[in-house]
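Data block below; observations after.
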Amino acid sequence: NRQPIVAIDGPAGAGKSTVTRVVAQQLGLLYLDTGAMYRAVTWLVLQSGIALDDESAIAELVSQCQIKFVENQQNESSPQILINDYDVTQAIRSMEVTAQVSAIAALHSVRTELVRQQQNIGKKGGIVAEGRDIGTNVFPDAELKIFLTASVQERARRRLLELQKQGQENVTLEQLENLIQERDMSDSNRTFAPLRKAIDAVEIQTDNLSIVEVTNQIISLYKQQL
Ligand code: C5P
């Protein structure tokens, strides 16, 4: 008998991370960022110098890697991520990792290993997990499934604001739209566990909604269902 699971899926830049973090905090559940795990593995592959098309070497590397989430002293709602004891919390957000992550995440061996680790983290329930295949593949029996979307234009606009806040001004709105669209395409068209809305997921289109409005909707759905 496990605790409830909330699955939050959707394309890049739909606001999943912020929303998932707030929902987990307000419901007193654990927050699991599965995208961070694919990013950490991508960082490790890039770091190791293995060719991106050498699937057997990548499989070997991933089968031996250890990913840990640890509480962040400065910001308790946003954990730090370690892979093989390297703190990669910042490094996994680089443009380089972002550009390669979809290709690495498409590999069958990578997905099998990370899904195994995610299911292990969630085996007792009590979590809100975000990703692309949580409701369809990782936790198909989740009590509540949400599919968060927004137009490409809106998602690019949000990303630009985020980057500007971090002082990164060297990318245009148009470039961001193209990058987001490319990532949507590869995530939706890959063979293994592509990005899909689960049939029993509730879709929330967030173009004209604030973070508070989205999180309140999810929390009230959660309370209705449990
Ligand atoms: O959510 P985030 O943008 O950090 O995810 C990075 C990438 O990791 C996605 O574009 C996707 O290729 C991959 N991913 C995945 N399955 C998940 C979570 C992320 O394939 N459950």
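Hydrogens, waters and symmetry mates are skipped; everything else that's a heavy atom, side chains included, is used. Here the structure is a predicted model, which is why all the values come from computation and not from measurement. Whatever order the structure lists them in is the order used to number ligands and atoms, beginning at 1.
- Using a 4.0 Å cut-off between a side-chain N of Lys or Arg and a carboxylate O of Asp or Glu, Asp184 and Arg190 do not qualify as a salt bridge.
- Looking at Lys16, its side chain never comes within 3.5 Å of a backbone N or O of Asp33 through a donor-acceptor pair.
- Near ligand 1, residues Thr34, Gly35, Tyr38, Arg39, Arg93, Val101, Ser102, Ala105, Arg111, Gly131, Arg132, Asp133, Arg183, Asp187, Arg190 come within 4.0 angstrom through at least one heavy atom.
- In terms of heavy-atom proximity, Leu209 sits nearest to Glu213 at CA-OE1, 3.3 Å.
- Summarising the hydrophobic clusters (Ile, Leu, Val, Met, Phe, Trp, Tyr; side-chain heavy atoms under 4.5 Å, direct or chained), the residues clustered with Ile199 are none.
- In this structure, Glu154 contributes its side chain and Ala156 its backbone to no donor-acceptor pair below 3.5 Å.
- Put simply, the residue from Lys123, Gln117, Gln118 that forms a side-chain hydrogen bond (donor to acceptor under 3.5 Å, both in side chains) with Asn120 is Lys123.
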